[in-house]
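Here is the naming used below: chain letters follow the sequence lines, and residue numbers restart at 1 for every chain.
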Amino acid sequence: MARNYDEIKIIRLAEGLIGKTFGEINNYAVKTDEYGKGTFGHIIESDAYDYDINAISEPDFADAGIELKVTPYKMNKNNTLSAKERLVLNIINYMTEYKNEFYNSHFWYKNKKIQIIWYLYEAGRKKEDLTITHQLLYSFPEEDLKIIKDDWETIINKIKTGKAHEISEADTMYLGACTKGANSSSVRKQPFSEIMAMQRAFCLKTSYMTQLVRKHIGNYKDIEHILNKNDNSFIQFINNVIDKYKGMTQREFMKLFNIETTPKQLNKMIICRMFGVNGDLDKTDEFLKANIKPRTVRVESNGRIKESMPFPYFKFIDILNETWKNSSIRETLGTTKYIFFVFKKKKNEYVFQGIKLWNMPVKVIESNVKTMWEKTKDVISSGNIVKKINSDGSRLTNFPGMRENDVCHVRPHAINSEDTYDLPVKDKLTGLTKYTKQCFWLNNKYLEDILKEYL
DNA sequence: GCATGATCATGC
DNA sequence: GCATGATCATGC
């Protein structure tokens, strides 16, 4: 570990790295193929700061109480910036961390101040040619720290209730618990259950890091905030808003919020107004950082939810290029929290009932979702898309349907049937080389199961 | 009534 | 023009 570094010296060194490539920083002749995960950090640690690579549990600069992190960001096609990855922090010691309070936790000891060094990731470029562009000595803003503290407690509670093996990164808002280890056999003991749990580390979610990148590096537009300084917790804030509006009908909302039209997404407009947001609720600072997706759900008067719910759609080619482990749907469901706003029909009017914060349990992702994804990949790669052409011209496909999976299925999601993506393998029955855009859907029955207290 | 195909509407 | 949330339409 590095001694004799004070804050000023650390920042000076960090500033000195800006504009340099990893190749330039590295004094040793490290060959490209030796660059692996974590290697960038190691090069910075060992060369720029001249100290030994360590996996010791003190902060990297123990005297100054500063942890060093090297992390990539990327430019998107639409010219916005995003973090390329979550920022992985210390490994969670299930056997000891639960004994602590937040402010004497190992997490806080190690990460209360982080010297972040950002480099621009560019696909296809040699790793030693990637350039460091920005640095920031980061301490958590007070309003974020409240949420991070809640997140830490959520994770600790799972350990205390013997559920360390059920932790998901989507359980929490900003501070996540991501898997860490070579593979799924990297497991550890937990104190209140015999079941071995996946090794996990605290992390700042990709969504949180993306907002930090946008604020610090660029493209930051004024983003709306919903929390006030005196709000104590995210959940409490949301619950206060919900309590205020529970039981109101659509008509009452329209009057209250001066909504004059009744568009398809009326309920969505209503929930944005509830939070006093002009734009979209999911584009607010807090929702973006926590990767929370608001969704409205209509429950019919008979207690049924008629409609299934779409996820972002996929490109056929992308699915073929993925493995399950690095698939976009696994990543999305593993990191996204949903907040369902339930409207139930009573006497011909939809009445706001309340919300449910939800994320998909890891077990379900690794069973039902995996099965669906595998079948989808199989259908695409074999070119067996169309099963039958109906008399009205519509086409029945072999994509996994609702009948065969209790959780999710694949269905069209497009402007119309002419709205297509390229097929990597042409369809055997029709010879088509492109097909109507499809996406993954949550079954309406599964939604009913999630929201059963509202039916 | 359900499963599946198809489409609408908005915002960036 | 496209991504995305939301909903409609219809045949069995």
Side-chain N or O of [X] closer than 4.0 Å to phosphate OP1/OP2 of [N]:
X: A:T296; N: C:dA6; value: yes
X: A:Y435; N: B:dG5; value: no
X: A:S394; N: B:dT4; value: no
X: A:R304; N: B:dC2; value: yes
X: A:R395; N: B:dT4; value: no
X: A:K437; N: C:dA3; value: yes
X: A:K445; N: B:dA3; value: yes

**Q.** Closest-nucleotide 5' rank along DNA chain C - winner of A:K268 and A:K306
**A.** A:K268
Q | A:K388 vs A:P412, nearer the 5' end of DNA chain C by closest nucleotide | A | A:P412
When the distance from [atom1] of [X] to [atom2] of [N] is rounded to whole Å, what number comes out?
X: A:N267; N: B:dA9; atom1: CG; atom2: P; result: 16 Å
X: A:I415; N: C:dG5; atom1: CD1; atom2: C1'; result: 12 Å
X: A:D282; N: B:dC12; atom1: CG; atom2: C1'; result: 12 Å
X: A:N416; N: C:dT4; atom1: CG; atom2: P; result: 18 Å
X: A:F311; N: C:dA6; atom1: CZ; atom2: P; result: 12 Å
X: A:L266; N: C:dA6; atom1: CG; atom2: P; result: 12 Å
X: A:R403; N: B:dG5; atom1: CZ; atom2: P; result: 11 Å
X: A:I385; N: B:dT4; atom1: CD1; atom2: C1'; result: 16 Å

Near-ring test [Y]/[X], centroid separation under 6.0 angstrom:
X: A:F102; Y: A:W108; value: yes
X: A:Y119; Y: A:Y121; value: no
X: A:Y435; Y: A:Y421; value: no
X: A:F257; Y: A:Y245; value: yes

Q: Would you indicate what A:K387 reaches in the nucleic acid, counting non-hydrogen atoms under 4.0 angstrom: base, sugar-phosphate, or nothing?
A: nothing
Q.
Base, sugar-phosphate or nothing for A:F399? Non-hydrogen atoms, less than 4.0 Å.
A. nothing
Report the nucleotide, chosen from [options], that has the shortest atom-to-atom distance to any side-chain atom of [X].
X: A:R298; options: C:dA3, B:dA3, C:dC8; answer: C:dC8
X: A:R295; options: B:dA3, B:dA6, C:dG5; answer: C:dG5
X: A:W441; options: C:dC8, C:dA3, C:dA6; answer: C:dA6

Q: For atom CG of A:N348, decide whether the heavy atoms of other residues, nucleotides or ligands shown that lie under 6.0 angstrom number more than 12.
A: no
Q) Hey, what's the ring geometry for A:F352 with A:F253, parallel, tilted or perpendicular (30° and 60° as the breaks)? A) perpendicular
**Q.** Polar pair under 3.5 Å, donor/acceptor by atom type, side chain A:R411, base B:dG5
**A.** yes
Q: Answer yes or no: side-chain N or O of A:H413 and base N or O of C:dG5 forming a donor-acceptor pair under 3.5 Å.
A: yes
Q: Hey, which sits more toward the 5' end of DNA chain B by its nearest nucleotide, A:E307 or A:K283?
A: A:E307
Q: Between A:P400 and A:E418, name the one whose nearest nucleotide on DNA chain B is closer to the 5' end.
A: A:P400
